[in-house]
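Heavy atoms only: backbone and side chains are in, while hydrogens, waters and symmetry mates are out.
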Amino acid sequence: MKHFKTLKNFLLEHKKRYILGIIWLVIVDILQLIFPQILKKITDLLQSNQLSLDELLNYAMLIMLLGLGTGLGRYFWRIYIQTTARKAEYYLRNRLFSHLQSLSTNYFNTHKTGDLMAHATNDINAVRTALGPGVVMIIDSVFITITTLIMMIKTTNLLLVILALFPLPFLAFSVQKMGKVIHKRFRNVQETFSDLSDRAQENFAGVRVVKSFVQEEEEIKKFSKVNKNNFDKNMKLIKVSGLLRPLIQFISGISFLIVIWYGGILVIEGQISLGDFVAFNSYLSLLVWPMMAIGWVINILQRGSASMERINNILFEKPDITDSDNTLDTINNIDGHITFQNVWFKYPNSNGYALKNINIDIKEGTTLGVVGRTGSGKTTLVNLILRLYDIDKGNIFIDNIPIRNFLIKNLRENIGYVSQDNFLFSTTVKQNISFAFEKDIDDNKIYNAAKKAEVYDNIIDFPNGFNTSLGERGVTMSGGQRQRTAIARAIIKDPSILILDDSLSSVDTQTEERILKNLKDVMEDKTNIIIAHRISTVKNADHIIVLDEGEIVERGTHEELVNNNKIYNDIYVKQMLEEKIENI
Ligand SMILES: Nc1ncnc2c1ncn2[C@@H]1O[C@H](COP(=O)(O)OP(=O)(O)OP(=O)(O)O)[C@@H](O)[C@H]1O
């Protein structure tokens, strides 16, 4: 149970609700124990012909009141305990999500999204079940077992109690064992169901690929296989879960059989009254539930504890990239002078260096162009400026201050980054462009950014203009439209440093020219880094570097590099030729 320590503060804060819930639970149990005593009284009075109609009515009223009290009590303990368990679930899920947000990029490279989703759903559910039904079952079953046993002994004799209880531990044992198997099989069903929905979802999302490759039949076969797997796992589950109830009835039936046989003899011999016999049976049926509950609760607590341990493993994970003791939280504004000094960088879990001995000086207000073959280290270079990763050797300075001395939040707020994947959220176009702002901002600012990024005309053609939803339930943007929306999202921040990572690759050369012309005044007072495969994108940069296998192999202006006659010129000549062929 030590894993639940993480919830110590939450539980202390909510202990009052738990205590109130437990009080109601005990009240319900006590009321349940009175019921067999009334039955005993009625039976004995009936047998001796001493019960008047009025008295019978009184007893009936009493039974009704008891039922009402039990119902009310059950409602209240549910309100106190179950709602607190739900609160714990809410608290834990929020805590897990905000902790995951604080973890570094590399954590998400090494952990599968599906696993993280499982922690956020299955594991948190298991913890909630332990804190809700788990707590109730333990207290309820212990209290009811002890008190019922006392009442049974008081009502009849010890031998009858021992004989009647003899089969019940088997009940607890079977429920515990079968519960384990049922849970395992249920998990298998859940897994196959998630395979099933993954396959269906992928197929609908990739319907164009499926149709263009004429793979419909093949996909139907594959789906049918996963569906069959789910069906088989469900069958396996039903085989065990269907057995549980008859088994419980069988084992408890043996107890009742013993009571009827031996208890009957005691009544015939006059050692106990008929009322005692009826009350005893009633107590016995009260005991069946706690015996089952003990079996269940062992599994629930074990599962809850294992899930809490898995959640703790995430909660105790420390982010790799953090603010250091030398952080200067007073620097809010960055001018944008970026210096790389003998920088070496290797990705975690990777053998070779992705960047080797990089030296660059990008003066504020200037533009650096970065070209190079795919995999040469261009994106890695900007990842380091954003501190998505920390360098292994050398120094990176911004405004002559080591990059680690900036608050990460301040550093990133001063950078407008258009990433290569141009990820957009499934919200409206407006919300995507104003993503960096917590509050609503002036619509004109959004329109202006969209105009600068040359996407305004496309957006106003969408069904709801800037309020159009994107993603599965909205419009699907073309690659070029996505790129330009991502540019608008970055420039609206008016950052000191603007980074465009291959952000104009999906637009034609004329649109590219227009965007660059529009961005000219945006870029004028900023430090800009433009990564591109196309020379036309970077040719006007103040300084261009060529990366190859993590090293800077050429540097200079466009004219200097063309005259150099090396990699840059090769790419340039090839692209000029391609353009000429296209224009023929
Ligand atoms: N998270 C990562 N873990 C390990 N290696 C990585 C990771 N990201 C990139 N790399 C490797 O680092 C090298 C540089 O990658 P990078 O993405 O910087 O190249 P790039 O020049 O931007 O390529 P492209 O033009 O295709 O975008 C590549 O060999 C790549 O495989």
Under a 4.0 Å N-O cut-off, is there an ion pair linking Asp548 with Arg373?
yes
Nearest heavy-atom pair of Arg387 and Ile321: which atoms, and what distance?
O-CG2, 3.4 Å
Applying side chain to side chain donor-acceptor pair (under 3.5 Å), run through Thr537 and Glu512 and close with a yes or a no.
CA-CA 7 Å; Thr537 322; Glu512 176 187 44; 2.3 Å; yes
Where Ser496 and Asp335 come nearest, the two heavy atoms and their spacing
CB-O, 4.2 Å
Please report the C-alpha distance between Ser419 and Asp501 in whole Å, then the side-chain angles of each, then the deciding distance to 0.1 Å, and finally whether the side chain to side chain donor-acceptor pair (under 3.5 Å) criterion is met.
CA-CA 5 Å; Ser419 67; Asp501 188 353; over 6 Å; no
Check: Ile487 main-chain N/O paired with Lys452 side-chain donor or acceptor under 3.5 Å
no
Ser505 and Gln483: side chain donor to acceptor below 3.5 Å:
yes
If you apply the rule side chain to side chain donor-acceptor pair (under 3.5 Å), what do you find for Ser224 with Asn227, and how did you get there?
CA-CA 5 Å; Ser224 172; Asn227 198 9; over 6 Å; no
What are the two closest non-hydrogen atoms of Ile81 and Leu131, and how far apart are they?
CG2-O, 4.2 Å
Those residues that, when tested against His14, pass side-chain hydrogen bond (donor to acceptor under 3.5 Å, both in side chains) (two or more places apart):
none
Look at the side chain of Glu554 and the backbone N and O of Ile567, then say whether any donor-acceptor pair between them is shorter than 3.5 Å.
yes
Exercise: identify the closest heavy-atom pair between Lys378 and Gly372
NZ-O, 3.0 Å
Measure the acute angle between the ring planes of Tyr389 and Tyr347, then classify it against the limits of 30° and 60° as parallel, tilted or perpendicular.
perpendicular
Please work out which of the three classes, parallel, tilted or perpendicular, describes the rings of Tyr572 and Tyr568, given edges at 30° and 60°.
parallel
For the student: nearest non-hydrogen atoms of Ser307 and Asp123, plus distance:
OG-OD1, 2.9 Å
If we ignore hydrogens and angles and just use 3.5 Å, is the side chain of Asn395 paired with the main-chain N or O of Gln341 as donor and acceptor?
no
Are side-chain N/O atoms of Asn229 and Thr192 paired as donor and acceptor at under 3.5 Å?
no
Salt-bridge test for Arg93 and Glu89: reply yes if a basic N is under 4.0 Å from a carboxylate O, no otherwise.
yes
Would you say the rings of Tyr456 and Phe466 are close, in the sense that their centroids are separated by under 6.0 Å?
yes
Looking at Glu513, I want to see if its CD is surrounded by more than 12 non-hydrogen atoms of other residues, nucleotides or ligands under 6.0 Å.
no
Asn106 vs Ser104, side chain to side chain donor-acceptor pair (under 3.5 Å): CA-CA, chis, key distance, verdict
CA-CA 5 Å; Asn106 194 44; Ser104 313; over 6 Å; no
For Glu317 and Leu103, which heavy atoms make the closest approach, and how far apart are they?
O-CD2, 3.5 Å
In terms of side-chain heavy atoms, does Thr511 have a donor or acceptor partner in Asp508 at a distance below 3.5 Å?
yes
